[in-house]
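Data first, discussion second: the structure below is written as structure tokens.
Letters go in sequence order (proteins before strands), and every chain restarts at 1. Keep in mind it's a predicted model, so treat the numbers as computed, not measured.
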Amino acid sequence: MSGVFEQVYALVRQIPPGKVATYGQLAHLIGRPRGARLVGYAMSACPSSAGVPCHRVVNRFGGTTAAFDTFGPGTQRALLEAEGVAFTPEGCVDLSLHLWQPLF
DNA sequence: GCAGTGACCGTGA
DNA sequence: CTCACGGCCACTG
């Protein structure tokens, strides 16, 4: 609470299935236009106990995080595809179709 | 208690 | 157009 991480987790938790958000976008939403790194670190913490779908967070290119290879190659991609997220031949998420836009 | 690092982004030259 | 650097917060050693 009262921490940047909690702010990030709160937003990520609001991301509906089939949608993805970028680090920079989340950083802006928490009031840290230049704090994209904080979002990345917050994801690294990725407390499953907090119910944070960190697999729905990708970089600005829509590329999945290599850190997910911890569970196996292409783990994050598999999770997103299971939710109906379309991927480009380059292996990136089609942000034009699945970029999460906070209504309010 | 101090310093360095980290799943990144944006701007300047 | 491309290359390079700074900046933000929290956690670890």
*Reading DNA chain B 5' to 3', what string of ( ), [ ], | and . shows its pairs, if Watson-Crick and G-U wobble pairs count only when both distances fall under 3.5 Å?*
.|||||.||||||
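- Judged as a disulfide bond (SG atoms under 2.5 Å apart), not a single pair has a partner in residues 60-89 of chain A (not counting sequence neighbours).
- Applying the ring-ring contact (aromatic ring centres under 6.0 Å, His included) test to residues at least two apart or on different chains, the pairs with a partner in residues 25-50 of chain A are A/Phe5-A/Tyr41.
- The distance between atom CE of A/Met43 and atom P of B/dA7, rounded to the nearest whole Å, is 13 Å.
- When the side chain to side chain contact (heavy atoms under 4.5 Å, CB included) test is applied to A/Cys54, the partners found at least two apart in sequence or on another chain are A/Met43, A/Cys46, A/Phe68.
- As rounded to the nearest Å, C/dC5 and B/dT5 have P atoms that lie 15 Å from one another.
- The two residues A/Tyr9 and A/Ala42 come nearest to each other via the heavy atoms OH-O, 3.0 Å.
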Donor-acceptor list for residues 12-22 of chain A side chains, cut-off 3.5 Å, not counting sequence neighbours:
{"from": "A/Arg13", "atom 1": "NE", "to": "A/Ala50", "atom 2": "O", "distance (Å)": "3.2"}
{"from": "A/Gln14", "atom 1": "NE2", "to": "A/Ala10", "atom 2": "O", "distance (Å)": "3.1"}
{"from": "A/Thr22", "atom 1": "OG1", "to": "A/Gln25", "atom 2": "N", "distance (Å)": "3.2"}

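- Annotation: disulfide bond (SG atoms under 2.5 Å apart) contacts involving residues 14-44 of chain A, sequence neighbours excluded, are absent.
- Minimum interatomic distance between A/Tyr23 and A/Val58 (heavy atoms only, all atoms of both residues): CD1-O, 3.2 Å.
- Contacts with DNA chain B (heavy atom under 4.0 Å) in residues 76-102 of chain A: none are found.
- Pairs engaging residues 71-94 of chain A under the side chain to side chain donor-acceptor pair (under 3.5 Å) rule: A/His55-A/Glu83, A/Arg56-A/Glu83, A/Thr65-A/Gln76, A/Arg77-A/Glu81 [sequence neighbours left out].
- In this structure, A/Tyr9 places its OH atom 12 Å from C1' of B/dA7, rounding to the nearest Å.
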Can you tabulate the close N/O pairs, meaning under 3.5 Å, that link protein atoms to atoms of nucleotides 1-5 of chain C?
none

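- Of the possible polar contacts, one joining the A/His98 side chain to the A/Ala86 backbone as a donor-acceptor pair under 3.5 Å is found.
- The distance from atom CD of A/Glu6 to atom C1' of C/dA10 is 12 Å, rounded to the nearest whole Å.
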Do any N or O atoms of the protein come closer than 3.5 Å to N or O atoms of nucleotides 8-12 of chain B, and which pairs are they?
{"from": "B/dC8", "atom 1": "N4", "to": "A/Arg37", "atom 2": "NE", "distance (Å)": "3.4"}
{"from": "B/dC9", "atom 1": "OP1", "to": "A/Arg60", "atom 2": "N", "distance (Å)": "2.3"}

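- Legend: salt bridge (charged side-chain N to carboxylate O under 4.0 Å, His left out) pairs involving residues 28-55 of chain A, not counting sequence neighbours: none detected.
- Distances were taken from every side-chain heavy atom of A/Arg32 (C-beta onward) to each of C/dC8, C/dA10, B/dA7; the shortest belongs to C/dC8.
- Minimum heavy-atom separation, A/Ile30 to A/Gln7: CG2-CB, 3.7 Å.
- Counting only residues at least two apart or on different chains, no disulfide bond (SG atoms under 2.5 Å apart) pair has a member in residues 66-104 of chain A.
- Between A/Leu97 and A/Val85 there is no side-chain heavy-atom pair separated by less than 4.5 Å.
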